[in-house]
Each structure stands twice: as C-alpha cells, then as structure tokens.
Asks: 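Take a look at this one; I'll ask things after.
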Amino acid sequence: QVQLVDPGGGLVQAGGSLRVSCAASGGTLVSYAMAWFRQAPGKEREFVAAILGIPWSGDNTGYGNSVKGRFTISKDNAKNAVYLQMNSLKPDDTAVYYCAGRRSSDRLRYYPGEYDYWGQGTQVTVST
C-alpha cells in the first residue's frame with residue numbers, strides 16, 4: 001500500500017515562489033501517474049498538474065489553465081518523490097494542496113476520482 005506524505009506548504013507573499021513536495025513509502029512511484037490538486041474553502045477540489053510514469057509517449061505533463069506557465073510538476077524517481085514548483089504566486093492560489101497517485105499511467109488524468117492514493121494535504125497561503 002503506497003502512502004503519500006506531502007509537507008512543504010507555507011506562507012508566501014504574492015509574486016513569490018514556493019515548492020511543495022510529496023514523498024512516497026510502501027511502493028515505488030516510477031510507473032505511477034502523479035498529480036497535484038488543490039482545494040480552497042467552499043470550493044471543489046481543482047486539478048493543478050499531472051505527470052506520467054515511465055514509460056510514456058507524447059506529452060508527459062499537464063496543467064490546469066489557472067497555473068499554466070507559472071507552476072511546474074516534476075518527479076524524482078531516485079528519491080521516490082514528486083514536486084510542484086510554484087512561481088508568480090497569487091492570492092487566488094491559496095488552498096490546501098494535495099498530491100495524488102494513480103497505479104495506471106496510460107494517459108494524463110484530470111479528475112480526483114481517477115487517482116488511487118492521496119497525501120494528507122498541505123496549506124499554501126499567498127498574502128497580498
């Protein structure tokens with residue numbers, strides 16, 4: 001049973017940068033598709049970014065429209081971890097960020113129900 005731990009949130013000023021991480025135990029993420037979602041108070045969980053596992057064909061990363069060009073998802077198979085680098089942060093980016101994993105990595109997936117494992121979430125707050 002894979003367990004995901006996603007510490008690394010925090011408070012940052014608008015325009016700043018922050019990296020959140022997600023480490024796995026109980027299994028290897030090499031072949032897993034991984035993603036980040038976020039949820040702000042009173043809102044539905046929103047897709048942020050996804051990355052495919054090995055092997056893949058075509059594009060191996062995808063992003064939500066609201067973060068495209070500002071956020072970058074990456075995976076370190078040696079460390080069994082996935083990261084989300086967030087730049088040019090805005091107050092609207094304030095949310096609890098969750099990492100998610102999916103055993104099957106056939107294509108990019110954008111909905112929470114398509115993922116098998118979840119981290120506990122980490123708070124990211126962007127101040128004005």
Asks: Among residues at least two apart in sequence or on other chains, which ones pass ring pair (Phe, Tyr, Trp, His ring centres under 6.0 Å) with Y98?
Replies: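 Partners of Y98 by the ring pair (Phe, Tyr, Trp, His ring centres under 6.0 Å) criterion come out as none, since no residue qualifies.
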
Asks: Show your reasoning for whether side-chain contact (heavy atoms from CB on, under 4.5 Å) applies to I54 and S31.
Replies: CA-CA 5 Å; I54 294 174; S31 62; 5.9 Å; no

Asks: Once side-chain hydrogen bond (donor to acceptor under 3.5 Å, both in side chains) is applied, do any residues pair with Q3, and if so which ones, sequence neighbours excluded?
Replies: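 Checked Q3 against side-chain hydrogen bond (donor to acceptor under 3.5 Å, both in side chains); zero matches.
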
Asks: Looking only at heavy atoms, which two atoms of A24 and L4 are closest? And how far apart?
Replies: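 That closest heavy-atom pairing would be CB-CD2, 3.8 Å.
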
Asks: Name all pairs fulfilling the side-chain hydrogen bond (donor to acceptor under 3.5 Å, both in side chains) condition that reach into residues 20-29, sequence neighbours left out, sorted by first residue then second.
Replies: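 Output for this query is empty, none listed.
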
Asks: Rounded to the nearest 0.5 Å, how far apart are CG of L84 and CH2 of W36?
Replies: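 The distance works out to 6.0 Å.
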
Asks: Below 4.5 Å, heavy atoms only, C-beta onward: do D6 and V20 meet side chain to side chain?
Replies: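 Not in contact.
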
Asks: Any side-chain hydrogen bond (donor to acceptor under 3.5 Å, both in side chains) involving residues 69-84? Give me the pairs, sequence neighbours left out, ordered by first then second residue.
Replies: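 The answer is R70-D93.
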
Asks: So, taking the atom named CZ in F37 and the one named CZ in R45, what distance separates them when rounded to the nearest 0.5 Å?
Replies: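 Going from CZ on F37 over to CZ on R45, the span is 8.5 Å.
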
Asks: In chain order, what residues pass the salt bridge (charged side-chain N to carboxylate O under 4.0 Å, His left out) check against R109, with sequence neighbours excluded?
Replies: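 With sequence neighbours excluded, R109 shows a salt bridge (charged side-chain N to carboxylate O under 4.0 Å, His left out) to D106, E114, given in chain and number order.
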
Asks: How would you list, by chain and number, every residue that makes a salt bridge (charged side-chain N to carboxylate O under 4.0 Å, His left out) with R107, sequence neighbours excluded?
Replies: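 For R107 there are no salt bridge (charged side-chain N to carboxylate O under 4.0 Å, His left out) partners, ignoring immediate neighbours.
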
Asks: Any heavy-atom pair between the side chains of V96 and T122 that's under 4.5 Å?
Replies: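 No; the side chains remain at least 4.5 Å from each other.
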
Asks: If two hydrophobic side chains count as joined below 4.5 Å and joins carry through other members, does V12 share a cluster with V48?
Replies: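 Yes, one cluster joins them.
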
Asks: Applying salt bridge (Lys or Arg N to Asp or Glu O under 4.0 Å), which residue pairs with at least one partner in residues 13-26 are found, sequence neighbours left out?
Replies: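 Applying salt bridge (Lys or Arg N to Asp or Glu O under 4.0 Å) to every pair that reaches into residues 13-26, excluding sequence neighbours, yields nothing.
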
Asks: I'd like to check the ring pair (Phe, Tyr, Trp, His ring centres under 6.0 Å) partners of Y63; sequence neighbours left out, ordered by chain and number.
Replies: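 Scan of Y63 (ring pair (Phe, Tyr, Trp, His ring centres under 6.0 Å), adjacent residues dropped) gives none.
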
Asks: Looking at W118, I'd like to know if the NZ or CZ of R102 sits under 6.0 Å from its six-membered ring centre while staying within 45 degrees of the ring's axis.
Replies: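 Pair R102/W118 does not count as cation-pi.
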
Asks: Less than 4.5 Å apart, any side-chain heavy atom of V67 and any of F47?
Replies: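 The answer is no, as the side chains (C-beta and beyond) never meet within the 4.5 Å cut-off.
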
Asks: For residues V82 and I73, determine if any side-chain heavy atom of one lies less than 4.5 Å from a side-chain heavy atom of the other.
Replies: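 V82 vs I73: side chains touch.
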
Asks: Of the non-hydrogen atoms in A40 and A95, which two are nearest, and what is the gap between them?
Replies: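 Closest heavy-atom pair between A40 and A95: N-CB, 3.9 Å.
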
Asks: State which residues pass side-chain hydrogen bond (donor to acceptor under 3.5 Å, both in side chains) with S17; sequence neighbours excluded, sorted by chain then number.
Replies: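 S17: side-chain hydrogen bond (donor to acceptor under 3.5 Å, both in side chains) contacts with N87.
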
Asks: Hey, are the side chains of Q13 and V126 touching, using non-hydrogen atoms and a 4.5 Å cut-off?
Replies: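 Not in contact.
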
Asks: Say you draw a straight line from CG of L29 to OG of S105; how long is it, rounded to the nearest 0.5 Å?
Replies: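 Going from the CG atom of L29 to the OG atom of S105 covers 11.0 Å.
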
Asks: With rounding to the nearest 0.5 Å, note down the distance linking CZ in F71 to CG in L18.
Replies: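 Separation between the atoms: 9.0 Å.
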
Asks: Check for a donor-acceptor pair, side chain of T94 on one end and backbone N or O of T125 on the other, with a separation under 3.5 Å.
Replies: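 No, the answer is negative, given that no donor and acceptor are paired below the 3.5 Å cut-off.
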
Asks: Run the salt bridge (charged side-chain N to carboxylate O under 4.0 Å, His left out) test against R103 and tell me which residues pass, sequence neighbours left out.
Replies: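 Salt bridge (charged side-chain N to carboxylate O under 4.0 Å, His left out) list for R103, sorted by chain: D116.
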
Asks: Mind checking whether Y32 and L52 have side chains closer than 4.5 Å, heavy atoms only?
Replies: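 No - every pair of side-chain heavy atoms lies 4.5 Å or more apart.
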
Asks: L11 versus Q123: any side-chain heavy-atom pair under 4.5 Å?
Replies: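 In short, these two side chains do not touch, never coming nearer than 4.5 Å.
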
Asks: Check side-chain hydrogen bond (donor to acceptor under 3.5 Å, both in side chains) between N65 and all other residues, then give those that pass, not counting sequence neighbours.
Replies: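 Scan of N65 (side-chain hydrogen bond (donor to acceptor under 3.5 Å, both in side chains), adjacent residues dropped) gives K68.
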
Asks: Name all residues meeting the side-chain hydrogen bond (donor to acceptor under 3.5 Å, both in side chains) criterion together with S66; count only those two or more places apart in sequence or in a different chain, and write none if there are none.
Replies: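 S66 satisfies side-chain hydrogen bond (donor to acceptor under 3.5 Å, both in side chains) with R38, E46 only.
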
